[in-house]
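Report on the structure given below.
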Amino acid sequence: MDAPGLDHSLNGAGCELRLRGAWCIDHLERVDRLMADLRVPHDRAVRVDASGLTRLDSAGVMMLVNRLRAMGVVWSNVSLHHFQPAQLTLIHLVADRLDARARPRRRRSPPLVFLGRALGTATARLLGQVAFLGRIAEALGDLARRPALLRHREITVQLQTVGLGALPIIMLMTFLLGVVFAYLLGVQVQKFGANIFVVDGISLAVARELSPLLTAILIAGRSGAAFTAQIGAMKVTEEIDAISTLGLSPVQVLVLPRLIAIVIALPLLTFVGDVLGILGGAVVAATQLDVTYYTFFERLKAVLPLKTVLFGMVKAPVFAAAIAFIACRNGFAVTRDARSVGDFTTRTVVQSLVAVILINAVFAVLHPELPR
Amino acid sequence: MSEPVLVADRIHTRMGGHWLHRGVSFSIPRGEVVGLIGASGTGKSVLLRECIGLQRPHAGHLRLFGEDIWALPLKRLNQVRRRFGVLFQEGALFSSLTVAENVAAPLKEHTTLPARLRDELVAMKIRLAGLSMDAADKRPSELSGGMKKRAALARALVMEPELLFLDEPTSGLDPISAREFDHLLRVLCDSLGLTALIATHDLDSLWGMVDRVIVLYRGRVIADGPVDQVAATDHEWIRSYFAAGAIERG
């Protein structure tokens, strides 16, 4: 492909430009330099001759038109010679569409406007949360009046994925946590020769804090993210609009089964976590601290009151409700573009983890005294 | 120059347990605008995907600009890809970018042009595609269906392709926007010297803007020629296809 060129001469009648070579996108920078060196008096007629031109595309035409206009040449003073008919159509089309209007730059908004807008979005989001809470309450109210609305199948399916599906990972994680925590505690109590007290420490810690919190965190990451992604994808494919059109309430169909399932499943999983965490402690106590299994469980009966276990399990449904609320709300907030589902899923995980830890702190403050 | 831009040679494609294409052959000379029609499920879109190197046919050859694209290594295939543009059915604009950024994306990837020239080119293509500059800073989600198609067309044209593939360019547009879009396509094809292959269902597009029609039926090309000639073909499916248009128009 031959390089573009430009000869230019000035005479009494006006200015003559002779184009050579390929004026196309592959050589655009070269063409740009050629045109930049060009000086054309803006009040004269301009004659453009294409007898040496081998190729011309719309990018090349644009350079000719835009640069001549930038020099103040009126397009009607330009005469075109020796162009092919197709090239002439192209030049006329481009000259016609590029009516010398510059590309508008993105406007930057002043800080105050920016602040106002951010505040507006934050308020709208908060109102959206409250409205969504209201819709859930309304759906629950409908359900209380007409129990037939309960979607057994959907709840069962959700119970299976949220509860049974999470069972192996919960068991493994809490068991390992029990092992690690008992080992850490064991090293301390051994210094005082008070090995048996590892039972007190591990049972209280696991039942009251560790198991409820760890289970909630795992479920927030596992099921919370899944809820947002599922509902969000349904929003993208307009399935939620289809549900509304069928005369059903999307909250009733999609949110309540998930909410109910997770509120039932999380306390159960927490109890499994309690058992496995204490079991992990017992294994460490038996192998490292000379506390036999028999001694361990005898001591457990004496030091772990039912109240503490129940306290841990009462927290679980509250965590669960918070996770379900955040996840479903974010699912409904998804907009119809590719990035949105990912954005809102991330938000769900972050927000529900923060919520779980905050709620846990509130419980700790409301009910601080440890049983003796 | 006399060599056809696109040659399909006995294409066979198997999908879902049956043969979708059973020996599809045609060729498109430079500068021609060709319509590809056929009932839903006859594999028009699949054929387009095979032409642009996204899906491999089970047998047969596809030659673009004289190169058998399914025999090329990926690097060479990508060089060939620079020479054609594609307008996907839903536009396939990148939703996280503005219209101007969408149109600029191929330039950023394939050229080393300074930002100033790039912006100038982008603005021209947006104007050529019939959009106002107000649309340039909008995101695809803020555009109407017709504007999306125009923005996608601007992106398809930005690398100065010689060949354009269009998958249902007028689907989802109201008849008035569809005719405007057809007109725009025809003007651009003529003035930019483009060759185009258009898969379409739209009868009015056929009558209005294509030079030639290829009809796919049960895995084969059953008619290939100017619209009026194809419309006069004595074949059951073609008769009912064009008759449906007559009913539609009343």
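Throughout, protein chains are lettered first and strands after them, A, B, ... in sequence-line order, and every chain is numbered starting at 1.
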- Is B:Ile176 atom CD1 crowded by more than 12 heavy atoms from other residues, nucleotides or ligands, each under 6.0 Å away? no
- Task: Under the side-chain contact (heavy atoms from CB on, under 4.5 Å) rule, what do A:Leu93 and B:Leu188 come out as? Steps first, then yes or no, please.
- Result: CA-CA 9 Å; A:Leu93 179 74; B:Leu188 289 178; 3.7 Å; yes
- Interatomic spacing from CG in A:Asp57 to CE in B:Met159 - rounded to 0.5 Å: 10.0 Å
- Message: I need the residue from A:Met63, A:Glu29, A:Gln87 with the largest number of non-hydrogen atom pairs under 4.5 Å to chain B.
- Response: A:Glu29
- Task: Side-chain contact test, heavy atoms from C-beta onward, threshold under 4.5 Å: evaluate it for A:Leu90 versus B:Leu192 and give yes or no.
- Result: yes
- Should the heavy atoms of other residues, nucleotides or ligands under 6.0 Å from CZ of A:Arg30 be counted, would the total exceed 12? no
- Under the side-chain contact (heavy atoms from CB on, under 4.5 Å) criterion, do B:Met124 and A:Ser58 qualify, and how do the steps go? CA-CA 9 Å; B:Met124 174 195 54; A:Ser58 62; 3.7 Å; yes
- Item | Flag if over 12 foreign heavy atoms under 6.0 Å of CG, A:Leu246 | yes
- Assess whether side-chain contact (heavy atoms from CB on, under 4.5 Å) is satisfied between A:Asp32 and B:Arg116, documenting all intermediate values. CA-CA 11 Å; A:Asp32 185 40; B:Arg116 174 180 55 87; 2.7 Å; yes
- Does atom CD of A:Gln84 have more than 12 heavy-atom neighbours, drawn from other residues, nucleotides or ligands, at distances under 6.0 Å? no
- Task: Inspect the surroundings of NE2 in A:His81 and state if more than 12 heavy atoms from other residues, nucleotides or ligands are less than 6.0 Å away.
- Result: yes
- Taking C-beta and beyond as the side chain, do B:Leu113 and A:Leu28 meet within less than 4.5 Å on heavy atoms? yes
- Query: Is it the side chain or the backbone of B:Arg82 that comes within 4.5 Å of chain A heavy atoms, both, or neither?
  - Reply: side chain
- Rounded distance [0.5 Å steps], CG in A:Asp26 versus NE2 in B:His110: 12.0 Å
- Task: Can you tell which part of B:Leu157 gets under 4.5 Å to a heavy atom of chain A, answering side chain, backbone, both or neither?
- Result: neither
- Message: Looking at every heavy atom in both A:Met62 and B:Glu120, which two are closest together, and how far apart are they?
- Response: SD-O, 3.4 Å
- Query: For chain B, which of A:Val65, A:Ile25, A:Ile91 has the most heavy-atom pairs under 4.5 Å?
  - Reply: A:Ile25
- Message: So does A:Ala59 get a backbone contact from the side chain of B:Glu160, meaning a donor-acceptor N/O pair under 3.5 Å?
- Response: yes
